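Here is the structure we will look at, set down as structure tokens.
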Amino acid sequence: MSGTERGAVMTETTNEREAYDPHAVQDRWLPVWDRLDLNRAGLRAGAEKRFVLDMFPYPSGDLHMGHAEAFGIGDVVARYWMRRGYDVMHPIGWDSFGLPAENAAIARGEHPAAWTYANIDVQAESFRRYAVSFDWTRRVHTSDPAYYRWTQWLFLRFLERGLAYRKNSAVNWCPKDQTVLANEQVVAGKCERCGSEVTKRELTQWYFRITEYADRLLDDMKDLEGSWPDRVLLMQKNWIGRSTGAHVDFQVGSRKVTVFTTRPDTLYGATFFVVAADAPLADELCEPSQRAAFEAYRDEVRMLSDIDRQSTDRPKTGVSLGVTAINPLNGEELPVFAADYVLADYGTGAIMAVPAHDQRDLDFARAFDLPVRVVVDTGGEDPTVTGIATPGDGVLVNSGPLDGLTKDAAIPRTIEILQERGTGEGAVNYRLRDWLLSRQRFWGAPIPVVHCEGCGEVPVPDDQLPVVLPSDMKGADLQPKGQSPLASNDDWVNTDCPTCGGPAKRDTDTMDTFVDSSWYFLRYCSPDDDTGPFDPDAVREWMPVAQYVGGVEHAILHLLYSRFFTKVLHDMGLVDFTEPFTALLNQGQVINQGKAMSKSLGNGVDLGGQLASYGVDAIRISIVFAGPPEDDIDWADVSPSGSVKWLARVARLAADVGALPASDARDETVDRATARAIDDVTRLTESHRFNVSIARMMELTNALRKGVDGAAPAAASLRDGVSALATMLSCYAPYTAEEVWSRTGHDVESGDSVHASTWPTADPALLVEETVTCVVQVAGKVRDRLEVPPAIDESTLRELALASEAVVRALNGADVRTVIVRAPKLVNVVPV
RNA sequence: GCCCCCGUCGCGCAACCGGCAGACGCACGGUGCUCAAACCACCGACAGUGUGGGUUCGAAUCCCACCGGGGGCACCA
């Protein structure tokens with residue numbers, strides 16, 4: 001709105017011109033932007049391409065404060081790079097398969113797609129109004145057949161390479177959701193999603209062989225150091241849990257039992273042998289005489305929840321299996337026990353127990369009165385006496401050929417001996433398990449495999465993809481029954497075997513939604529490609545992602561899986577990089593009154609309400625100004641009205657500067673303030689110090705205000721200052737920035753939008769101060785300040801400082817020992 | 001239990017390599033504008049950096065210990 005247009009309505013032209021109504025500003029510019037279509041990727045010929053990615057949302061309802069923060073931050077990065085002239089791809093899509101849609105469908109008697117796509121529409125419109133700089137032409141939804149066709153296609157490639165396989169084993173089962181869970185989805189013994197206590201079930205399930213990539217997932221983390229948060233790397237490292245040691249074969253009766261140990265050097269100190277009570281091995285080794293006792297113990301163990309089992313300070317329990325294991329080095333016979341402190345699914349489920357040097361083994365030995373033999377002299381006190389094991393370094397004793405070696409020398413030596421005898425070898429063991437990917441639920445990508453009595457497991461041929469979910473199942477049809485709802489749909493299940501043409505049944509499980517999200521970033525590069533999951537040329541142009549933005553909650557799951565997928569695709573020759581995300585930014589949470597927002601606490605802050613009260617820009621500014629992006633924001637500490645005030649100040653400033661009579665008048669103070677702000681905001685935005693960037697822009701606003709209100713406002717300097725401010729602000733407060741741009745004479749409707757403007761540059765000459773304040777200290781205390789030229793040389797400055805009256809007074813006649821000169825900022829006179 | 005991060009005005013946060021503790025905002029006090037207020041503009045006060053020690057000419061910044069807060073891992077052989 002221009003002052004002259006409305007001037008007739010009110011006599012107070014100035015007030016009207018200065019008015020700032022955030023909602024009016026939004027309504028004014030949003031349709032113009034839609035028309036100008038400013039965020040399309042791939043249109044800047046010759047410009048370097050950059051891919052900015054926000055973790056795509058799950059369509060669970062409308063956007064909330066968490067989305068506002070994450071996407072607000074991602075948008076600053078995307079818009080900043082656009083202003084800097086990069087060809088930026090900033091896409092959006094939806095992780096739209098998953099359980100909530102299914103539960104909603106059951107509750108409402110409809111198909112999951114209805115709820116899913118209705119929510120997506122709501123979120124998409126909210127994103128549009130929130131003014132995120134998405135390229136809307138690249139939308140993907142993982143629940144679209146055009147998308148999951150390629151999820152299935154990728155599954156088949158994994159299958160061909162032996163990276164997808166089916167096996168029967170005890171798996172995590174969520175009794176509430178009626179489905180299996182991956183290890184990564186079990187947190188402290190509970191379902192990550194619904195919090196139910198997870199139980200175990202013996203089932204045949206599909207797995208991805210992620211363990212085959214364990215070393216590379218670990219080793220390649222060195223490429224991410226510095227550009228990923230340390231704690232994410234640490235969490236992945238812990239999760240993969242690589243330990244090096246040896247496999248050692250023990251003879252138990254007629255069979256060979258292998259254990260994994262990280263301390264083969266302590267083999268002579270083994271005094272007993274333990275098998276996980278719930279491992280099949282324990283059952284197989286058990287002597288008839290011990291059978292009753294063993295089974296009673298095992299049943300007891302099975303009754304325990306994982307949580308109880310994992311509490312560290314439980315007394316050790318176990319039962320003898322009535323057999324002995326023969327130590328391959330010294331032929332000693334060790335009693336074999338079943339116990340629950342040994343885990344069935346780590347290592348081989350059996351251990352050699354060295355009580356002197358392992359606390360857990362020592363605890364067990366003391367409970368069962370078993371011998372303790374020290375084989376490493378660590379200088380520590382005797383574990384037999386103290387009850388404290390000595391796991392440290394030292395010299396080997398009581399160990400035959402190993403005596404006298406240090407631990408570090410004894411480990412390879414032991415492995416050598418074992419190898420010579422054919423009873424063991426060096427080994428690496430991981431905590432990481434293969435990724436269980438099948439789910440007994442409906443709303444996911446069907447596993448594209450057919451089971452034929454004659455031919456067995458038959459992959460669905462590529463040209464028959466996608467295997468589409470039936471559209472006629474709704475409401476009660478989807479009720480969880482312990483097997484996939486798809487199993488009860490005969491029309492869907494019964495099919496012809498692609499190999500022999502005979503009757504066959506489709507696999508009724510669907511894929512974990514983490515499979516969908518492990519490659520969505522690739523799909524954005526060529527979202528409509530119907531010849532493959534992605535166009536390798538497009539991927540070469542855009543990938544890897546230059547900046548990924550999302551929450552830490554995905555530190556392990558999504559990020560590890562995506563890294564795995566990328567490495568597999570690299571090995572297949574489909575991509576030429578091995579890490580998908582060059583840089584990662586984990587934004588903090590928005591909390592309220594010290595606690596995470598939750599329905600049960602009733603402390604939720606409604607994003608829609610906040611936007612209605614303060615407008616989009618004020619909320620975006622409030623979020624980034626509240627603190628460093630990775631810190632949590634307590635909404636109780638945030639003042640959105642303060643942000644509105646500043647934005648209104650900026651808008652008013654623009655109107656006042658726009659109304660100045662045109663002139664070439666310049667003001668060095670204003671020019672210097674502008675240059676300094678540009679320099680700082682550039683550096684700060686670059687390093688994600690968004691809160692400080694805003695502070696610098698506020699400072700510039702204050703300086704420009706002074707300039708306008710001064711006796712002789714310098715129109716040219718002020719216009720340049722406001723123009724620079726508008727462009728910088730465009731990354732943070734897109735609507736207000738456009739309003740400012742428009743108020744200073746830009747014809748936005750014709751395409752001269754601030755969002756098409758170029759990031760300002762600071763004149764280096766203006767960054768050099770004419771004089772700097774030099775602090776003069778005596779014995780470290782500030783006694784005087786001198787205004788000196790920045791290029792002053794040390795000896796001149798020293799003379800000036802020593803001549804200072806204040807310094808002479810402070811010295812009070814004392815002799816000077818040294819003078820430290822750091823020209824031009826500081827002189828420290830040190831008296832004797 | 002082990003590992004990592006963080007403690008700066010009343011609050012949220014700044015301070016490049018060790019060099020004037022305070023940029024910015026909120027809240028607070030005052031002045032102007034106003035019949036009055038809101039808005040707005042201007043001015044202002046307020047901490048010596050969790051505690052104790054050390055290194056240094058000089059420490060919020062580096063080192064050690066402790067206290068407080070947050071996070072990760074946790075019978076992984």
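Each chain gets a letter, A, B and so on, in the order the sequences are listed, and its residues count up from 1. Only this structure's heavy atoms are used, side chains among them; waters, hydrogens and symmetry mates stay out. Because the structure is predicted, anything quoted here is derived from the model rather than measured.
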Minimum-distance nucleotide (side-chain atoms of Arg785(A) versus C20(B), G71(B), A77(B)): C20(B)
Whole-Å P distance, C75(B) and A65(B): 27 Å
Qualifying residues under side-chain contact (heavy atoms from CB on, under 4.5 Å), relative to Gln777(A), sequence neighbours excluded: Val775(A), Val782(A), Leu826(A), Asn828(A)
Spacing of the C1' atoms in G52(B) and A41(B) (rounded, Å): 48 Å
By side chain to side chain donor-acceptor pair (under 3.5 Å) - contacts of Glu425(A) (at least two apart): none
Side chain to side chain donor-acceptor pair (under 3.5 Å) partners of Arg683(A), counting only residues at least two apart: Asp680(A)
Contact under 4.0 Å: Arg649(A) side-chain N or O vs A41(B) OP1/OP2: yes
Residue met sooner reading RNA chain B from 5', once Ile694(A) and Asp345(A) are mapped to nucleotides: Ile694(A)
Polar contact flag, side-chain donor to acceptor under 3.5 angstrom, Ser643(A)-Ser622(A): yes
Phosphate-side-chain proximity, Arg231(A) and C3(B), N/O vs OP1/OP2 below 4.0 Å: no
For RNA chain B, the dot-bracket pattern of Watson-Crick and G-U pairs whose distances stay under 3.5 Å, | for other-strand partners: (((((((..((((.....[..).))).(((((.......))))).....(((((..]....))))))))))))....
Separation between the C1' atoms of G10(B) and G29(B), rounded to whole Å: 14 Å
P-based separation of G25(B) from C40(B) [nearest Å]: 13 Å
Heavy-atom donor-acceptor pair, Thr736(A) side chain to Ala733(A) backbone, under 3.5 Å: no
Touch class at under 4.0 angstrom, heavy-atom based, for Asn702(A) against every strand present: sugar-phosphate
side-chain contact (heavy atoms from CB on, under 4.5 Å) between Phe273(A) and Val257(A), intermediate numbers included: CA-CA 10 Å; Phe273(A) 192 98; Val257(A) 179; 3.8 Å; yes
Presence of donor-acceptor pair under 3.5 Å, side chain of Asn238(A) and base of C73(B): no
Main-chain N/O of Gly387(A) paired with Gln359(A) side-chain donor or acceptor, under 3.5 Å: yes
C1' atoms of U49(B) and A60(B), separation to the nearest Å: 5 Å
Interatomic distance at C1', G44(B) relative to C9(B), whole Å: 15 Å
Short side-chain donor-acceptor distance under 3.5 Å, Asn429(A) and Tyr346(A): yes
base_contact_polar (C20(B) base, Lys825(A) side chain, donor-acceptor, <3.5 Å): no
5'-most by nearest nucleotide on RNA chain B - Arg696(A) or Thr261(A): Arg696(A)
Atom pair distance, as rounded to whole Å: CD in Gln777(A) and P in G58(B): 10 Å
Sugar-phosphate, base or nothing in reach of Arg683(A), heavy atoms under 4.0 Å: nothing
Hey, what are the protein-to-nucleotides 30-32 of chain B N/O distances that come in under 3.5 Å?
none

Output field: ring centroids Phe690(A)/Phe625(A) closer than 6.0 Å: no
Stretch residues 629-642 of chain A: residues that reach within less than 4.0 Å of RNA chain B through a heavy atom: Asp637(A), Ser639(A), Gly642(A)
Distance-only polar pair, side chains of Ser693(A) and Thr685(A), donor-acceptor under 3.5 Å: yes
Distance between C1' atoms of C13(B) and C17(B) (Å, rounded): 23 Å
Inter-nucleotide P distance (C66(B), C3(B)), Å rounded: 11 Å
For G48(B), glycosidic torsion class - syn if within 90° of 0, otherwise anti: syn
Syn/anti state of C17(B) by chi, 90° boundary around 0: syn
Side chain His357(A), main chain Val375(A), donor-acceptor under 3.5 Å: yes
Flag for Ser641(A)-Tyr614(A): side-chain donor and acceptor within less than 3.5 Å: no
Arg649(A)-Asn702(A) side chain donor-acceptor pair, cut-off 3.5 Å: yes
